[in-house]
Amino acid sequence: MITDTELVEQFSDLLGDDYASAKSYVRDIPTQALVYVRSFTHKLASVIADKHQLNFTSANLYDRIEQLNQRRLIEVSAIRAMHKLRADGNRGAHPEKYHLTQNQLVTIAEKSIRQIISLVTQLYPAVHGSPVPENKFIEFDSFAGRDLCYRAMMHNDHHAQYLVAMSLKAQALMAQEQVSATQLNSDKPQDTTQAQAEVKRLFAQAAYWFAQAAPYEMAALYEHGVSLLHGYAATDSKEELSAQGEALIAKAADNDVIEAKALLGYFYLVGSQVFEVDLEKAKTLLTQAAETENIEAMSNLGVLYYQTQQHEQALAWMQKAAKSGYPQSQYHLALLLAEADSEFNGIELAATATIPSPTTDLLEQSQYWMQEAASQGQLEAMLHCASQILHDDNATKEQLQLAEHYLYEVIKYGHDVTAMIELSVALADGILGRIDVVQAAYLLQQAKLHATDVQLQVIAPLWQSLLMQIDNVMALSPSEEQLAALAQAKTILS
């Protein structure tokens, strides 16, 4: 009987290393494990295509999987599994944008590994023309992380140093998200201070190891530049360090680091401390990065084409980025499509294949992508969808529950004043099926603390209206429990 790793190697030599690496990093460095999962999925698509002499027409993984689907080369269930692996791989690249914790990432990575084995088992007979060999799944361990740290420290292994730094950076970004999520409701300021100190420590450690590996690995040089740009370990001279960071990012871009090309292209698109706006340079760099499936480059290339009135190309790149599963791109595509009726007149837009009922209607596609972005935690999309639901007189109970969930998430991670106001009004007016004046008052109080001058003008009449509502209900001789809640709400607003 062979192991799961040996099964993958026997299925294809091309896939063995990615699978073994992904599995070894699951427990300690799940972000890196998911990066390997995405690489595995890309190579798997090539293995299937080569088996059937299929030439792909796009470098984009989403498009490649769909091309396999259109040719009916593998079953629909296998197509769905590959799309799931692709999406999970994207989460490894941007865990903080999905509001994921380390434990959640470990769970996703473990499920992805088991999904790979299930997929290989399903595809094995078709690829090899023989039954699947008897095999046994070897459970996950935590040796890889300890081994990496040992090699980084004791052997001065520069690639290990880079991977350790990537793990620390991912932990820091996720911890930063959690600090932001708990800061608003924390009744123990010392806990928040300690958590912030831990975030700073993690960033500083990541910056240190990136600096150690930077002279030897271009990917580490790029990350070292990013750490200087964002001041991960800096206490002073931040402007000078930022300029140094941009210069290192440019050097990494010159050495074909895709992430560096994407970021340098963004600098040329919007301008930065070192680089002035140069749309031609931006277009060149963003195109190079986008063609290798860098999602942020795809999205920014769409923005560039939109700004230069090349709407057909803008939509094409925005769609590619959205189909790759990146929620930020899905949100921007939704906005673009919503505004497209008059500006994009005459452009024939292909139906989006992932929509259950494919349509070329721009507004329907906009609504679909907005909901997709919201379901993946994109804050602006969540706020947009929640607001639409709350202002829909025919919204169902389930939709209202979803709207409430979205608003709490936007408040939790974004401290968004508009979301606080929307939810406060909904709770005070019973739109969500219940009246909760205490929570409505608390949300309005928090909105006031974070509001701009313009937002304060919106809050003032709502504040007075809620006070009047409380006084009117108190005058109706409510129960003791209701009276206590009303008194608490009034105290919050005093």
Side-chain angles (χ1 to χ4, degrees), residues 3-6 8-9 13-40 43 89 92-93 95 102-103 105-106 109-110 112-113 116 138-175 197-234 241 244-245 247-249 251-260:
T3 67
D4 54 300
T5 302
E6 290 168 338
V8 175
E9 290 173 347
D13 292 339
L14 188 65
L15 304 175
D17 286 344
D18 278 347
Y19 177 79
S21 297
K23 187 177 180 183
S24 69
Y25 291 136
V26 161
R27 290 284 170 84
D28 296 301
I29 316 176
T31 50
Q32 196 65 27
L34 289 169
V35 169
Y36 278 113
V37 165
R38 181 178 173 81
S39 176
F40 174 96
K43 291 176 183 177
Q102 181 79 355
N103 288 338
L105 275 171
V106 169
E110 287 183 351
S112 294
I113 293 298
I116 284 175
I138 306 300
E139 288 302 321
F140 304 101
D141 60 50
S142 294
F143 297 134
R146 288 193 288 270
D147 180 60
L148 270 182
C149 292
Y150 182 83
R151 287 191 284 120
M153 294 181 67
M154 303 304 293
H155 292 289
N156 200 28
D157 183 324
H158 305 304
H159 187 63
Q161 291 168 345
Y162 165 70
L163 291 176
V164 167
M166 289 295 287
S167 176
L168 289 164
K169 177 185 174 182
Q171 290 178 53
L173 289 169
M174 289 184 288
E198 175 64 6
V199 169
K200 187 175 181 180
R201 182 190 70 81
L202 288 168
F203 273 131
Q205 283 194 324
Y208 171 80
W209 288 113
F210 281 135
Q212 299 307 302
Y216 309 96
E217 292 208 13
M218 283 296 128
L221 180 72
Y222 161 71
E223 291 291 351
H224 180 40
V226 172
S227 70
L228 292 175
L229 181 66
H230 294 301
Y232 286 170
L241 289 175
Q244 292 176 19
L248 293 179
I249 291 164
K251 183 178 178 180
D254 289 340
N255 283 274
D256 291 327
V257 176
I258 297 303
E259 292 79 7

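Below, all heavy atoms of this structure are taken into account, side chains as well, without hydrogens, waters or symmetry copies.
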His224 backbone acceptor or donor facing Ser227 side chain under 3.5 Å: yes

Verdict with reasoning, His158 to Tyr216, per ring-ring contact (aromatic ring centres under 6.0 Å, His included): CA-CA 7 Å; His158 305 304; Tyr216 309 96; 3.6 Å; yes

Results of side chain to side chain donor-acceptor pair (under 3.5 Å) for Thr31 - residues two or more places apart only: none

Heavy-atom neighbours of Asp17 CG exceed 12 at 6.0 Å: no

Ring pair (Phe, Tyr, Trp, His ring centres under 6.0 Å) against Tyr222, all qualifying residues, sequence neighbours excluded: none

Heavy-atom closest pair, residues Gly225 and Leu248: CA-CB, 3.9 Å

N/O donor-acceptor pair under 3.5 Å between Ser24 side chain and Ser21 backbone: yes

Thr5 versus Glu9, side-chain donor and acceptor atoms under 3.5 Å: no

Over all atoms of both residues, closest heavy-atom pair of Leu228 and Gly245: CB-CA, 3.8 Å

Audit row: Lys169, Val226, side-chain contact (heavy atoms from CB on, under 4.5 Å) steps and yes/no: CA-CA 11 Å; Lys169 177 185 174 182; Val226 172; 4.3 Å; yes

Side-chain donor or acceptor of Gln32 paired with backbone N/O of Ile29 under 3.5 Å: no

Non-hydrogen atoms of Leu221 and Ala252 that approach each other most closely: CD2-N, 4.1 Å

Shortest non-hydrogen contact between Arg27 and Val106, atoms and distance: O-CG2, 3.8 Å

N/O donor-acceptor pair under 3.5 Å between Asp4 side chain and Ile138 backbone: yes

Geometric class of the Tyr162/His159 ring pair [parallel <30°, tilted 30-60°, perpendicular >60°]: tilted

Flag for Gln161-Asn156: side-chain donor and acceptor within less than 3.5 Å: yes

Gap separating the NZ atom of Lys43 from the CZ atom of Arg38, nearest 0.5 angstrom: 13.0 Å

Trp209 side chain near Leu163 side chain, heavy-atom distance below 4.5 Å: no

